Each structure stands twice: as C-alpha cells, then as structure tokens.
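These figures come from a predicted structure and were not determined experimentally. Throughout, a chain's letter reflects where its sequence line sits, starting with A, and its residues are numbered from 1.
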Amino acid sequence: MPELPEVETVVQGLRARLEGRRILGVSLHQPLIVRGDVALLRRALPKSRIERLERRGKFIIVHLEKPTSLRARHCLIVHLGMTGQLFCCRPSLPYEKHTHVTIELETGEQLRLRDPRRFGRLEVIPAARLEAYFAHLGAEPFEISLAEFAARLARRKAPIKSLLLNQDLVRGLGNIYSDEALFAARIHPALPAGRLDVRALRRLHRAMQRVLRAAIAAEGTSFSDYVTADGRLGRFQYRLRVYGREGEPCRRCRRPIRRLVLTGRSSHYCPHCQPRVRRIVTGRH
DNA sequence: AGCTCTTCCTGAAAGC
DNA sequence: TGCTTTCAGGAAGAGC
C-alpha cells in the first residue's frame with residue numbers, strides 16, 4: 001500500500017526521467033481511473049513540458065509548464081490508492097493487466113499507471129486551484145512541530161490509530177506506518193488521542209518521523225503491489241515490527257502480536273509493549 | 001464538529 | 001478438487 005515513504009520513493013525515482021521532459025500524448029485504457037475533467041486532461045497533457053514533481057502526503061503532483069495551446073498552467077495529480085504503480089518503461093515492455101494510462105514522452109519512454117484495485121486516481125486541474133484542492137490536507141509529518149501535533153490531537157476522543165490515518169490532521173500515514181509508529185512509541189492503538197500525555201505525544205511525534213525516514217531509506221514496504229519507479233521492490237517489509245505479524249513473537253518481548261479492528265482497519269500491536277495506560281471503554285463485549 | 005460506517009475494486013486466501 | 005465467500009484497504013461521502 002503506497003503510503004508516504006512509497007510515494008516519496010516513486011517521486012524521487014521519477015524526477016530524473018520526467019523533469020524537463022515533454023509529453024507527446026496520453027492514452028486512457030481505463031478512463032474510469034480519471035477523476036474530474038477528462039477532456040481537460042486530454043487537452044492539457046499533450047505537448048506540455050513537465051516542470052517538476054512534488055509529493056504532498058500520498059499525492060503526487062506533476063507541475064506542467066503552460067503549452068501554447070492553453071491559457072493557464074495545469075497540474076497532473078496522481079494518487080496511487082492501495083495498489084497503484086506509476087513507472088517509466090520502454091514502449092516494448094508488454095502491457096500488464098490493469099494498465100489504465102500510458103503517457104508518451106519525448107524521450108521515447110512511457111509513463112504508465114497500473115492499478116489492479118482501481119482505488120487510485122488521476123486528475124488534471126488548473127494550477128490556480130491547487131491550494132484549494134489540498135486545503136483540507138493536514139501537515140507534513142516532517143514539518144509539523146510537536147506543539148502543533150499535540151494541539152491537533154488534544155481533546156479528541158477517537159482512537160489514536162484512527163486519527164493517524166486521518167489525512168486532515170497529519171498527511172501521509174497509512175495502516176502500515178501508523179501501526180509501526182505506535183509500536184515504536186509504545187502506545188496502544190485504541191487509546192483515545194486526547195488521553196495521550198505530553199511524554200506519549202513526544203514519543204509518537206518522534207517515532208512517526210523516525211519510522212517514515214527509515215522506510216524512505218529502505219525505499220518503502222513492498223507488501224502487495226508496490227514497486228519503485230524502476231519496478232524494484234522496497235525493503236522495509238523485512239523491518240516491520242507489528243504490521244502483518246499477528247500471532248508472531250514481538251521483536252522486543254517475544255509475546256505474540258495481536259490484531260484488533262478500529263474503524264474498519266486492522267491494527268497490529270503488542271499488548272505487553274503497548275499497554276492501555278488506563279482502562280478504555282470500547283462499547284463492545 | 002467529531003466520529004463511524006459504507007462504498008468503490010480485484011485478487012488472494014479461507015471455507016465448504 | 002473446485003467453487004463460493006471473505007477479507008484487505010485510501011478516502012470521499014453519508015449518517016448519526
């Protein structure tokens with residue numbers, strides 16, 4: 001599942017092959033992957049030059065220079081959903097199933113978007129609408145201060161795990177890195193966020209940044225479909241402490257990792273290393 | 001406003 | 001063995 005480290009790895013890998021290059025054309029094999037104005041996408045991409053790539057949370061933003069055929073600058077926005085792959089390849093590479101979009105580049109290469117589960121999206125918007133488009137998104141995990149992080153979680157009653165997944169607070173964490181950050185900070189995923197004390201908040205703020213940096217250094221976690229921009233696998237799956245390890249021994253205390261469901265998402269944790277500091281009323285049982 | 005549930009989609013895994 | 005059912009999850013939108 002592409003989360004911040006996977007998206008960052010893809011963006012870094014694509015920069016050298018895309019920035020400064022011109023787009024020749026675009027083919028939509030599965031138009032349903034496109035959100036918003038499909039006609040605009042078909043108009044804006046051909047003949048545009050790619051100025052630069054940017055990541056915001058789990059979104060990829062391709063900034064396009066203004067082609068002579070259009071009045072304004074535009075941006076291509078890509079979200080990889082949970083099985084999306086965005087990669088450069090030679091045109092001779094056979095089309096894999098679920099390849100939805102092909103973008104032809106002046107270099108002779110192709111930029112392809114493949115996404116078996118189709119939770120991803122592709123959209124072109126005028127550059128002037130970019131900030132409004134992302135207005136709801138929370139802060140970057142590497143930019144948010146501890147004070148701001150604490151303020152956003154204060155008095156919230158939802159489980160801390162659920163709020164880490166909420167992109168409006170902090171952007172970029174998904175199920176894997178939320179679980180890993182909570183383990184590293186020794187915080188139980190079901191704990192209401194507002195009950196975290198200052199020390200727990202500091203541990204979580206640090207753990208979140210440390211886990212994400214380590215995952216970026218390892219080029220992400222290849223758990224299901226994720227590959228880098230060159231089609232290689234990430235390496236962080238070998239360093240996961242709790243995610244996907246239900247029943248296996250905790251790497252710290254050797255007790256079995258458990259799994260519980262919070263707001264429809266599985267949470268992996270160690271009951272011993274991540275104790276409930278106070279009794280939680282869950283409303284279940 | 002805050003929180004939870006549902007929906008979209010496919011393939012792998014579990015169940016019978 | 002082979003078919004059917006269940007499950008996984010990001011984020012938008014509905015509902016409470």
Tell me: [atom1] of [X] to [atom2] of [N], nearest whole Å?
X	N	atom1	atom2	answer
A:H136	B:dA1	NE2	P	16 Å
A:I176	C:dG9	CD1	P	9 Å
A:L173	C:dG9	CG	P	15 Å
A:L169	B:dG2	CG	C1'	11 Å
A:R35	C:dG13	CZ	C1'	13 Å
A:I60	C:dA11	CD1	P	12 Å
A:R117	C:dA8	CZ	P	11 Å
A:K161	B:dC3	NZ	C1'	16 Å

Checking all strands, does A:Y243 fall into the base, sugar-phosphate, or nothing category for heavy-atom contacts under 4.0 angstrom?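 Result for A:Y243 = sugar-phosphate.
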May I ask you to say what A:S266 touches in the nucleic acid, namely base, sugar-phosphate or nothing, with a heavy-atom cut-off under 4.0 Å?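 Answer is sugar-phosphate: A:S266 comes under 4.0 Å of backbone atoms only.
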[N] phosphate, OP1 or OP2, under 4.0 Å from [X] side-chain N/O:
X	N	value
A:Y133	C:dA12	no
A:K58	C:dA11	yes
A:R118	B:dT10	yes

Identify which nucleotide among [options] has an atom closest to any side-chain atom of [X], counting heavy atoms from C-beta outward.
X	options	result
A:L163	B:dC9, C:dA11, B:dC3	B:dC3
A:K97	C:dG9, B:dG11, B:dC3	B:dG11
A:R156	B:dC3, C:dG10, B:dT4	B:dC3
A:H98	C:dA12, B:dG11, B:dT4	B:dG11
A:P159	B:dT4, B:dG11, C:dA8	B:dT4

In plain terms, say whether A:R17 and A:D230 are close enough for a salt bridge, that is, a side-chain N and a carboxylate O under 4.0 Å apart.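 A:D230 and A:R17: salt-bridged.
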Could you check whether A:R56 pairs with A:E54 (Lys NZ or Arg NE/NH1/NH2 to Asp/Glu carboxylate O, under 4.0 Å)?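 Counted as a salt bridge, because a side-chain N and a carboxylate O are separated by less than 4.0 Å.
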For A:H79 and A:R259, take the nucleotide of DNA chain C holding the closest heavy atom to each; which residue's nucleotide lies nearer the 5' end?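 That would be A:R259.
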Between the base of C:dA8 and the side chain of A:R265, is there a donor and acceptor pair under 3.5 angstrom?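 Answer no: no donor N or O sits under 3.5 Å from an acceptor.
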Fit a plane to each ring of A:F59 and A:H79, take the angle between them on a 0 to 90° scale, and name the class: parallel (under 30°), tilted (30 to 60°) or perpendicular (over 60°).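 The arrangement is perpendicular - the two ring planes meet at more than 60°.
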Can you say whether the rings of A:H205 and A:F149 are parallel (under 30°), tilted (30 to 60°) or perpendicular (over 60°)?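 A:H205 vs A:F149 ring planes: tilted.
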Please determine if A:R213 forms a cation-pi arrangement with A:F142, meaning its NZ or CZ atom is less than 6.0 Å from the six-membered ring centre and no more than 45° off the ring axis.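 Positive - A:R213 is close enough to the ring of A:F142 and near enough to its axis.
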Just checking, is any N or O donor in the side chain of A:E6 or A:Y177 under 3.5 Å from an acceptor N or O on the other one?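 A:E6 vs A:Y177: donor-acceptor pair found between side chains.
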Are the ring of A:F119 and the six-membered base ring of C:dA11 within the stacking cut-offs of under 5.5 Å and under 30°?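 Per 5.5 Å and 30° rule: no stacking.
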